[in-house]
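A short worksheet on the structure shown next.
Everything quoted here is computed from the prediction, not taken from an experiment. Note on naming: letters A, B, ... go to the chains in the order of the sequence lines (proteins, then strands), and numbering restarts at 1 for each one.
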There are 2 protein chains.
Amino acid sequence: MAKNLLAKNKLTILYGLCLAVLLLLLKWLELKLVIVNNAYEVYMGAIAVFFTALGIWLALKLTKPKTVIVEKQVYVNNGPEFTVNQAEVEKLGLSKRELDVLQLMAEGLSNQEISERLFVSLNTIKTHSAKVFEKMEVKRRTQAVEMGKRLCIIP
Amino acid sequence: MAKNLLAKNKLTILYGLCLAVLLLLLKWLELKLVIVNNAYEVYMGAIAVFFTALGIWLALKLTKPKTVIVEKQVYVNNGPEFTVNQAEVEKLGLSKRELDVLQLMAEGLSNQEISERLFVSLNTIKTHSAKVFEKMEVKRRTQAVEMGKRLCIIP
DNA sequence: TTCAAAATCACCCTAAAGTATGAGCCCGGA
DNA sequence: TCCGGGCTCATACTTTAGGGTGATTTTGAA
């Protein structure tokens, strides 16, 4: 957010500076060189071309790219032998404790029961589960368990 | 393709016309009105602003919208075919509707979503789920799903 | 040592899940 | 015809889950 504003301000400042420099240049030309009155149009044209280019450049720089989300199917094998898919765990960024909570969730325990099993408070389990849901991009514990099993994170 | 070219030419012509008109206007002003020499900068500024706007407009009109393709992975289970363990279902005494509800539960759906999927009210789903829990002798939906999978009642 | 992430816990509030009870409708079997 | 089971829905209530925020402590890596 802050960076974006900075970038925009940078461009605005740059733009203002360009204008100022151009005007100074014109003034200088007016004072130091012989300006034929008939050459007005040339200057006008030059300015027009320059600022058109600047406008185009600005537009190209400032327009946000449109994002298109393409779903890519990934097939998951769920053979009889279970081994924790460590790669998936790391990809999701799940910590040890979060994984513990997810496993106990998958066993059908309530948050209260999980907290008793792990010797921590109910609030702690709520925090962990919330983080799990956030990282796995799900809304409910049932979905988290579903996904966890598919990804071989839990048996 | 042809239409595209036509459109581009149209814009180019329009652009050229704009420039010509502007120059004519300036010439006219120069000839017919009193132009204070000190007002140069004002005209320059006006031209700059106008052509910058024109450039931005041109860029926005002519460029194809920038697209960034983001691949989102969707995990799909392609395990061996699943066959319902009918014997277990009968042993538990689960009705067809109760089995439907259990299956959708296993997919991580909320009671609300299940009710919408089956075109019945939320209360009906609550009744079904309560009966499922009673028949399966579990306390929570997560436990029901766990047991259902173990008994091969659901995939 | 210092810094960031992980882990812990609390409080408040809303949403969802689950419990209990009652009731109406439909269908197939006794 | 009557009965029971399955399915539907409702109301009222309690419990659990989940969201949001903020705080403290622990710990591991730079």
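- Contact check on A/Glu113 versus B/Arg140 returns a salt bridge, with a Lys/Arg side-chain nitrogen under 4.0 Å from an Asp/Glu carboxylate oxygen.
- Contact annotation: A/Arg97 reaches the phosphate of C/dT8 (side-chain N/O to OP1 or OP2, under 4.0 Å).
- The residue among A/Arg141 and B/Ser95 whose nearest nucleotide of DNA chain D lies closer to the 5′ end is B/Ser95.
- Applying the 6.0 Å contact sphere to NZ of B/Lys149 captures more than 12 heavy atoms from other residues, nucleotides or ligands.
- Counted by atom type alone, A/Thr127 and A/Thr124 present zero donor-acceptor pairs between their side chains at under 3.5 Å.
- Nearest nucleotide to the side chain of B/His128, out of D/dC7, C/dC9, D/dT16: D/dC7.
- Computed from coordinates, the B/Glu116 CD to D/dT8 P distance equals 15 Å when rounded to whole Å.
- Among the protein residues, B/Ser129 comes within range of no part of the nucleic acid, since none of its heavy atoms lies under 4.0 Å from any strand.
- At the phosphate of C/dA16, neither OP1 nor OP2 sits under 4.0 Å from any side-chain N or O atom of B/Asn111.
- When the nearest nucleotides of DNA chain D are assigned to B/Lys131 and B/Phe119 by heavy-atom distance, the more 5′-ward of the two goes with B/Lys131.
- With rounding to whole Å, B/Asp100 atom CG is found 12 Å from D/dC7 atom C1'.
- Here the side chain of B/Lys96 is nearest to one of D/dC7, C/dA10, D/dG18, namely D/dC7.
- Side-chain contact annotation: A/Gln103 with A/Glu107, donor-acceptor N/O pair under 3.5 Å absent.
- A/Thr124 comes within 4.0 angstrom of a nucleotide base, judged by non-hydrogen atoms across all strands.
- Atom NZ of B/Lys139 is separated from atom P of C/dA20 by 10 Å (rounded to the nearest Å).
- Closest contact between the side chain of B/Asn123 and the listed nucleotides D/dA10, C/dT8, C/dC11 involves D/dA10.
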